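A quick write-up on the structure given underneath.
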Amino acid sequence: LDVSALADNPIFVSAVVRSTQEAARTHVRAKIDALRNFVVNVAVIRALDERKVEYFMDIVGRLSEVHIVALKIAATTSAMTQGTPPNFEQFIGSVSDRVGAALAIPPVDHAIIANAWAELQLLGLVSDGWKVYNPVVDLSALREHGRDDQAVAQSLGLELLRFICEPGEE
């Protein structure tokens, strides 16, 4: 890593400026850590798509701790439950319970979690859970290809999660 070259890297400079502005607007450790990891990854990963970095920066700016925890849970949650897709109420109830427990959010405030989940869906970071699979596709065919335990987080969500949760190495 050539530290002196970073000052001439417009992607890195933008990431530092925007992350600094976002960090100044929050006291939440999870968001500050996500912003720090974002900047580190922009610095160390050489082959970056400038549009993706800009998109991720916009998303990171909007994420709350609830979003980050929900995305982490989505990355480890299977879209299938014993071979059958869960219904929405079961699925969002499970996510709400897990996020609520992780952040000590009382059940009366679980609407916050449901709203954060809906925002993650709109950003294309997570699936509905039961809509990961096309209902027309035979589930047994998916199982044959090892896809019956596919995470609820979409590939873009998994990539973002790695970008904000794992300080980079190249």
Side-chain angles (χ1 to χ4, degrees), residues 6 10-45 48-81 85-132 149-169:
L6 290 175
I11 298 171
F12 177 75
V13 171
S14 291
V16 168
V17 169
R18 291 185 64 189
S19 293
T20 301
Q21 292 169 340
E22 283 298 326
R25 290 192 275 264
T26 188
H27 67 283
V28 178
R29 181 88 252 154
K31 181 145 184 172
I32 293 169
D33 290 346
L35 291 164
R36 181 197 65 235
N37 291 338
F38 183 84
V39 170
V40 168
N41 282 316
V42 169
V44 300
I45 299 173
L48 284 177
D49 178 337
E50 186 174 348
R51 283 180 230 79
K52 189 175 281 184
V53 171
E54 184 70 20
Y55 182 68
F56 281 174
M57 189 68 240
D58 287 341
I59 291 172
V60 172
R62 295 193 299 226
L63 295 180
S64 68
E65 186 175 31
V66 172
H67 290 98
I68 294 168
V69 170
L71 189 54
K72 286 178 180 179
I73 288 171
T76 59
T77 300
S78 171
M80 303 294 279
T81 305
N87 68 38
F88 179 74
E89 291 78 18
Q90 290 171 329
F91 179 75
I92 199 64
S94 170
V95 169
S96 290
D97 289 345
R98 292 172 67 192
V99 173
L103 297 176
I105 298 173
V108 70
D109 292 332
H110 279 205
I112 295 168
I113 300 165
N115 288 340
W117 187 263
E119 291 168 359
L120 292 172
Q121 287 175 311
L122 288 173
L123 292 169
L125 303 177
V126 299
S127 160
D128 295 3
W130 75 98
K131 290 184 181 176
V132 169
D149 62 347
Q150 179 178 343
V152 175
Q154 298 294 305
S155 59
L156 190 63
L158 294 171
E159 186 176 357
L160 175 65
L161 198 56
R162 282 188 297 276
F163 220 69
I164 66 173
C165 292
E166 301 170 11
E169 298 175 8

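The structure presented is a predicted model; accordingly, all values stated were derived computationally and were not measured. The first residue of the sequence shown is numbered 1, and numbering continues consecutively from there.
The shortest distance between side-chain heavy atoms of L123 and Y55 falls below 4.5 Å. Within the 4.5 Å cutoff, the side chain of H110 has heavy atoms near those of the D97 side chain. With a 4.5 Å cut-off on side-chain heavy atoms, C165 and K72 count as touching. Contact of the F163 side chain with the V42 side chain is registered, since non-hydrogen atoms from C-beta on lie closer than 4.5 Å. Between E166 and V40, every side-chain heavy-atom pair lies at or beyond the 4.5 Å cut-off. At least one side-chain heavy atom of L103 sits less than 4.5 Å from a side-chain heavy atom of E65. Residues S155 and E159 have side chains not in contact (no heavy-atom distance under 4.5 Å, counting atoms from C-beta outward).
In this structure, the side chain of S14 does not engage the main chain of I11 through any donor-acceptor pair within 3.5 Å. The backbone N or O of L63 sits less than 3.5 Å from a side-chain atom of K31, completing a donor-acceptor pair. In this structure, the side chain of D109 does not engage the main chain of I105 through any donor-acceptor pair within 3.5 Å.
The shortest non-hydrogen separation linking I68 to A34 is CD1-CB, 4.1 Å. In terms of heavy atoms, L35 sits closest to A23 at CD1-N, 3.5 Å. Scanning all heavy atoms of the two residues, the minimum distance from L120 to A70 falls at CD1-CB, 3.9 Å. Taking all atoms of both residues into account, the shortest heavy-atom contact from V66 to A116 is CG1-CB, 3.6 Å. Taking both residues in full, the closest heavy atoms of L156 and G124 are given as CB-O, 4.0 Å, listed atom of the first, atom of the second, then distance.
The CD atom of E54 sits 11.0 Å away from atom CG of D49, with the distance rounded to the nearest 0.5 Å. To the nearest 0.5 Å, the span separating CE on M57 from CG on L160 amounts to 10.5 Å. Here the CD1 atom belonging to I45 is positioned 9.5 Å from the CZ atom belonging to R162, to the nearest 0.5 angstrom. For the atom pair CZ (R25) and CD1 (I32), the distance works out to 12.5 Å, reported to the nearest 0.5 Å. For the atom pair L158 CG and L71 CG, the distance stands at 7.5 Å (nearest 0.5 Å).
In this structure, D58 does not pair ionically with R62, as no charged nitrogen and carboxylate oxygen lie closer than 4.0 Å.
Aromatic rings from F38 and F56 are positioned such that their centres are separated by 6.0 Å or more.
Open room surrounds CZ on R51; 12 or fewer heavy atoms of other groups in view lie less than 6.0 Å from it.
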